[in-house]
Structures are given as structure tokens and as C-alpha cells.
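Each residue takes its place number in the sequence, starting with 1.
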Amino acid sequence: MQTYGLTVDKFLDHAATWFRDRQVVADAGQGVTRIGYAALRDRGNRMSGALAALGLKLGDRVGTLAWNTQHHLEIYYAAMGVGLVCHTLNPRLTPAHLAAMINEAEDRMLAVAVDLIPLWRDVAPLCPTIEHVVVIDGASAPDDVIDHPARVWRYEALLGEHGASTVWGDFDENTPAGLCYTSGTTGSPKGVEYTHRSNYLHTLRALQADAVGLTAADVLLLGVPMFHANGWGLPFAAPAAGTQLVLPGRALDGASLATLMRNESVTVAVGVQTVWLGVVDHLEATGGDLPALERVLIGGSPCPDALIRKMEDRLGARVQTSWGMTELSPVGTIAPPRGAALANGSSGRPPIGVDLKLTDADGATLPSQIDTLGHLKVKGASVIERYFKAENDALDQEGYFDTGDLAMIDADGNLTICGRAKDLIKSGGEWINPNEIEAIVGRHPDVRHVAVIGRQDDKWGERPVLIVETQGDADDPRALIDLLRGKVAAWWIPDRVARVAAMPLAASGKIDKMRLRADYAAGTIASAPVG
């Protein structure tokens with residue numbers, strides 16, 4: 001058989017050839033733009049020539065500090081197509097965190113959205129490796145972008161001056177393609193470097209019918225940022241399937257998304273649940289609807305059943321739950337797009353290419369993998385082997401990666417994440433699993449977000465505290481506690497409840513329990529005892 005390198009440039013080549021006029025629709029803040037896949041492929045390919053003209057070579061890392069826009073997508077393919085590593089950076093992180101990532105990656109070039117130049121001003125003095133800054137998503141930018149030795153380019157000017165047709169994919173499929181850092185919600189952020197091969201196989205996995213299952217008839221709204229694990233791999237999957245792609249820029253508020261989705265007849269929308277709650281709130285306030293919408297794919301934190309039902313009722317669409325990690329590229333499991341809806345926080349089955357197992361705390365495989373709580377480990381072609389620049393592998397002796405999650409698998413093969421092992425609360429020498437409490441309280445229709453953390457207790461060591469963000473009538477803390485009686489052990493029931501106006505979310509959209517613990521310890525979150 002032929003040798004055919006599994007490189008990600010082939011996805012855009014395919015779209016440009018067979019779906020040349022299918023559009024990428026983007027809103028970078030200056031109005032909606034439209035471009036066919038063939039024209040976008042041409043621009044991205046010529047930008048590869050411009051990057052080469054700047055002296056960037058195979059294996060060099062190109063940072064991006066940007067939103068979901070056409071320019072960002074072009075940079076993705078321009079860099080990866082010639083064997084550069086696209087290092088996506090999260091603009092919601094602090095300058096110190098961003099600088100640490102840029103310096104560890106030794107990025108030589110940085111693409112910066114025009115509205116993020118103020119952030120770059122704070123980061124730049126800490127980043128000596130940057131040689132070129134390319135300002136994207138704006139027709140113009142300040143001449144004095146920053147007092148930094150890096151040369152500053154406007155994207156279109158760079159493309160016009162140095163753009164040239166370039167050969168794509170002329171390297172081994174195991175060449176690094178992308179670099180993304182973990183969110184750091186349970187520890188220090190760590191780099192995950194994807195290869196072309198791993199991204200290619202992840203794309204095929206996502207396109208399976210019982211996974212994301214995109215088709216050329218779909219219109220996809222990418223509401224998950226492209227700096228979160230390659231936008232969940234969908235900037236590759238959409239052109240691979242000939243799917244029309246809608247990029248909302250930084251405008252992820254409910255009103256902006258609802259308008260864009262309605263105008264573009266979006267059929268599939270993807271993002272964390274907080275994004276879709278904003279859309280639901282907007283539709284409820286205005287009485288609007290989204291008649292073309294068929295499916296909404298959510299990830300991040302587990303979503304309570306009541307919120308899933310509310311989203312399905314108001315959006316008129318099927319909600320697909322999923323579970324994944326940056327280290328998995330990121331899809332691990334996903335609920336199917338058809339059939340009976342999954343309940344009780346289940347995230348569906350793993351597509352082909354992902355192997356799961358449950359172990360005990362010592363790493364021994366559990367004799368029964370069904371309906372047994374265990375530590376979740378994962379193996380596959382798109383699963384991390386070693387963190388970026390780490391000295392040792394992150395795998396056990398059988399080649400499995402320890403996710404740090406506790407999980408159960410039901411008789412139908414559906415995975416339910418039961419919390420982080422680090423989040424377990426030890427009270428009186430026994431373990432309490434916060435996830436089980438959160439799942440029960442989260443079923444209350446007026447609970448938007450729920451988290452359980454441990455507080456220090458002189459007698460018991462730790463005791464659970466219930467923290468909620470509510471709406472409507474969920475004002476009585478005793479009513480929330482009563483939901484737990486008879487469903488969990490009596491000594492599991494929290495004896496203190498705290499209400500917050502807005503649950504703190506990490507940059508990935510997950511509830512930030514590290515911040516909750518810090519705020520509670522500092523006294524900025526007040527709790528009341530509940531008898």
C-alpha cells in the first residue's frame with residue numbers, strides 16, 4: 001500500500017478540493033466575513049510562505065493569542081502545514097502564566113488579536129524569545145504595539161508582502177503539530193504536544209457517527225475556544241467533513257450567539273454549558289428560537305440533568321454530553337447523537353481509538369469494570385505519553401495515562417465521571433465523594449452551578465461545604481440539604497451551605513475548585529450552618 005502521511009493539512013486540502021465553496025463564516029468584531037474553503041486554503045498556504053520568509057523552520061513554535069476567527073484558523077494551517085508547532089495561548093490567563101508558557105515553549109513568533117494588544121503589553125517584557133509579532137483580526141493596529149525588540153507585522157501586510165505558494169505536509173506524520181497547556185485547575189499547567197498523526201486519528205475518531213458525526217449538510221458553530229485543546233479538534237473535523245464552520249470571535253454572550261446561530265442556520269453547536277445557559281437565558285427573555293438547531297455538544301464540568309432538560313426544551317435540540325481532557329486531544333467519551341438521552345451525568349462511550357480501564361488506588365486493574373467505582377486510566381493513539389519537556393513518561397507499566405478522575409462504567413458502556421481523586425473529602429477517616437452530592441443537588445431546577453469542597457474541622461479532619469449559584473426559588477439552604485437525605489450516607493451531608501452570585505470558572509469553563517477553596521479559607525465566601 002502507498003505511504004500516505006497522516007498530516008493535518010490534508011483536511012483543508014480535502015475541503016478546498018471537494019467543498020471549495022462551503023464557507024467559513026467569522027465575526028472578529030468588525031462584522032461577519034465569509035470565505036470558501038478553497039480561498040481559505042490558498043490564503044493559509046501563502047501565509048506558510050510568509051512564515052518561512054521570517055526565518056521560521058521545521059519544529060519552531062508559533063504562539064497564538066487570539067479568538068475563534070478566520071485569521072486564527074489560517075494561522076493554524078499555515079503553521080502546521082509546514083511543520084511548525086501552533087502553540088495556542090489562553091487570553092484569560094494572567095500575564096505571568098502566559099509568559100511562563102511562552103518562555104518554556106521558546107515561541108519565536110506570536111500572532112496577537114488586535115483587541116489583545118493591551119494584554120501583550122503586559123506579557124512582552126517577560127518574553128525575550130519572541131522575534132516577530134503578527135497583529136491579526138483588525139485592519140489596523142497601533143504603530144507602537146509595544147516597546148519590545150520583536151518586529152511587528154499586520155497580518156494582511158505580511159501576507160501581501162511575503163505570501164508565497166508552499167508545499168504542505170513534506171515531513172513525517174509524527175512531527176509535532178500543536179502545543180496546548182492544561183488549565184491548571186488541579187495543579188500547575190503542563191504542556192501537551194500533539195503530533196500530526198495524533199490529530200489526524202483524533203479527527204477520524206470525532207467524525208464517527210456515534211461521536212460528533214459531522215456531515216457536509218451541517219453548519220457548525222464553534223463556541224469552544226480554539227485555544228482549548230485545538231478547539232476540541234473541530235477546526236480539523238469541519239473541513240474534513242465539508243461542514244460549514246461558524247466562528248464567533250470573542251462574542252460568546254447569549255444575544256450575540258443566538259443572532260449568529262439564527263442568521264447562519266446553525267445545526268450543531270459546541271461549547272461548555274455556561275455558554276448555552278447564556279443562550280437559553282436570552283431566548284427566554286426575548287421569546288426567540290433557533291429553528292435550524294439540531295444538536296448541542298457540551299463538555300467541561302458535568303451538567304446536571306435538570307439543566308440538560310432545560311436546554312433541550314428551550315433550544316429545541318438534542319444535548320450531547322461528553323468527557324475529555326487536553327491530554328486526550330481531547331475527546332474521551334461522548335453520548336450518541338440519537339437514541340435515548342443519557343442521564344445521571346453520563347458522558348457516553350469511548351469512540352474507537354480510546355481504551356479505558358478502572359483501577360484501584362494502587363493502580364491494579366479492577367476485576368470487574370462494570371458498576372464499580374475506580375480510578376480512570378486511558379490509552380490510545382491520541383493520548384499523551386509525556387508532558388512537554390518532562391523527563392519521564394506519564395504512563396503506567398501497561399501504557400495507560402492516569403486521568404486523576406474517579407469514574408464508573410455502566411452495563412451499556414457509558415462512562416460517568418464521579419469526581420477528581422484530589423477532590424475527595426476525608427471526614428473521620430472515611431472518604432466523601434463530592435461529585436455524588438453535586439449530582440443530586442444539581443437536579444434542582446433552580447440550581448445553575450453546584451460545588452462541594454472540604455473545610456478543615458478540628459474533630460473530623462474535614463467536612464463538606466455545599467456551594468451553589470442559584471436562580472428562582474432555591475433560596476432555602478435546608479431545602480437543598482433535604483434533597484440529599486436518604487440518597488447519601490447521613491454523615492456525607494454538608495452541615496454548611498454557601499451561596500455565590502457567580503460560580504468561579506477556570507479558563508477552560510470548568511468550576512475552579514482551587515479558587516473556591518482559597519476564597520473559602522480567606523473568608524470571602526461565607527457559609528451558614530444548616531441543621
Side-chain angles (χ1 to χ4, degrees), residues 51-52 54-67 71-72 75-76 78-80 82-136 141-142 144-153 155 158 175-195 225-231 325-327 329 384-394 506-508 512 514:
L51 298 182
L54 299 184
L56 297 173
K57 302 181 294 296
L58 182 76
D60 284 343
R61 286 172 282 277
V62 173
T64 66
L65 195 61
W67 311 104
H71 278 176
H72 197 184
I75 286 285
Y76 252 55
M80 296 184 196
V82 289
L84 302 174
V85 181
C86 185
H87 175 201
T88 52
L89 292 154
N90 188 336
R92 297 165 185 158
L93 297 176
T94 66
H97 275 118
L98 290 170
M101 294 171 183
I102 290 170
N103 292 333
E104 182 175 78
E106 300 176 86
D107 293 337
R108 293 186 59 194
M109 189 196 96
L110 187 67
V112 183
V114 67
D115 64 342
L116 291 172
I117 289 175
L119 177 58
W120 167 237
R121 291 182 191 278
D122 294 333
V123 175
L126 307 173
C127 298
T129 67
I130 299 296
E131 301 170 22
H132 298 275
V133 173
V134 179
V135 180
I136 67 175
D144 59 336
V145 169
I146 191 65
D147 182 15
H148 188 279
R151 181 168 182 180
V152 177
W153 301 85
Y155 184 89
L158 176 62
T175 298
L179 176 64
C180 182
Y181 279 75
T182 62
S183 60
T185 53
T186 58
S188 299
K190 295 184 286 291
V192 178
E193 192 171 54
Y194 309 108
T195 66
M226 291 167 63
F227 49 77
H228 283 170
N230 291 328
M325 302 178 71
T326 303
E327 291 92 338
S329 300
I384 191 171
E385 179 177 290
R386 179 180 299 190
Y387 286 105
F388 182 63
K389 291 191 173 180
E391 295 183 359
N392 301 311
D393 289 350
S508 61
D512 190 343
M514 287 181 66

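Side-chain contact between Leu126 and Val123 is absent, with no heavy atoms from C-beta onward closer than 4.5 Å. Asn103 places a side-chain heavy atom less than 4.5 Å from the side chain of Pro128. Two residues are said to be in side-chain contact when any heavy atoms from C-beta on lie closer than 4.5 Å; Val85 and Glu193 meet this criterion. Considering only heavy atoms from C-beta on, Met101 comes within 4.5 Å of Leu93 through its side chain. Side-chain contact between Val135 and Tyr155 is absent, with no heavy-atom pair separated by less than 4.5 Å. Counting heavy atoms from C-beta outward, Arg61 and Ile102 have side chains that stay 4.5 Å or more apart. When side chains are defined from C-beta on, Asn230 does not count as touching Cys180, because their heavy atoms never get closer than 4.5 Å.
Qualifying side chain to side chain donor-acceptor pair (under 3.5 Å) partners for Thr94, counting only residues two or more places apart in sequence or in other chains: His97. Contacts of Tyr76 classified as ring pair (Phe, Tyr, Trp, His ring centres under 6.0 Å), with partners at least two apart in sequence or in another chain: His72.
The nearest pair of heavy atoms linking Ala105 to Phe388 is CA-CE2, 3.8 Å. In this structure, Gly55 and Asp60 approach most closely via the heavy-atom pair O-OD2, 4.2 Å. The minimum heavy-atom distance linking Gly83 with Thr175 is given by the pair O-CG2, 4.2 Å. Minimum heavy-atom separation, Ile136 to Ala66: CD1-CB, 3.6 Å.
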Just do the side-chain contact (heavy atoms from CB on, under 4.5 Å) check on Leu89 and Leu110 with the steps written out, would you? CA-CA 10 Å; Leu89 292 154; Leu110 187 67; 3.6 Å; yes
Next on the checklist: Let's go through Thr88 and Met226 carefully: what are the C-alpha distance in whole Å and the side-chain angles of both, what is the deciding distance for side-chain contact (heavy atoms from CB on, under 4.5 Å) to 0.1 Å, and is it a yes or a no?
Outcome noted: CA-CA 7 Å; Thr88 52; Met226 291 167 63; 5.6 Å; no
*Could you walk me through whether Ile130 and Asp107 pass side-chain contact (heavy atoms from CB on, under 4.5 Å), step by step?*
CA-CA 6 Å; Ile130 299 296; Asp107 293 337; 3.8 Å; yes
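With rounding to the nearest 0.5 angstrom, the CZ atom of Arg121 is 13.0 Å from the NE2 atom of His148. To the nearest 0.5 Å, atoms NZ (Lys389) and CG (Leu179) are separated by 9.5 Å. Here the CG atom belonging to Asp122 is positioned 12.5 Å from the CD1 atom belonging to Ile117, to the nearest 0.5 angstrom. If you take CD on Glu327 and CD on Glu385, they are separated by 14.0 Å, rounding to the nearest 0.5 Å. Rounding to the nearest 0.5 Å places NE2 of His228 at 11.0 Å from OG1 of Thr182. With values rounded to the nearest 0.5 angstrom, Leu116 atom CG is found 5.0 Å from Leu65 atom CG.
Partner His132 forms a side-chain contact (heavy atoms from CB on, under 4.5 Å) with one of Leu51, Val62, Leu158, Leu54 and no other, that one being Leu54. His87 pairs in a ring pair (Phe, Tyr, Trp, His ring centres under 6.0 Å) with only one of the listed residues (Tyr181, Phe227, Tyr194), which is Tyr181.
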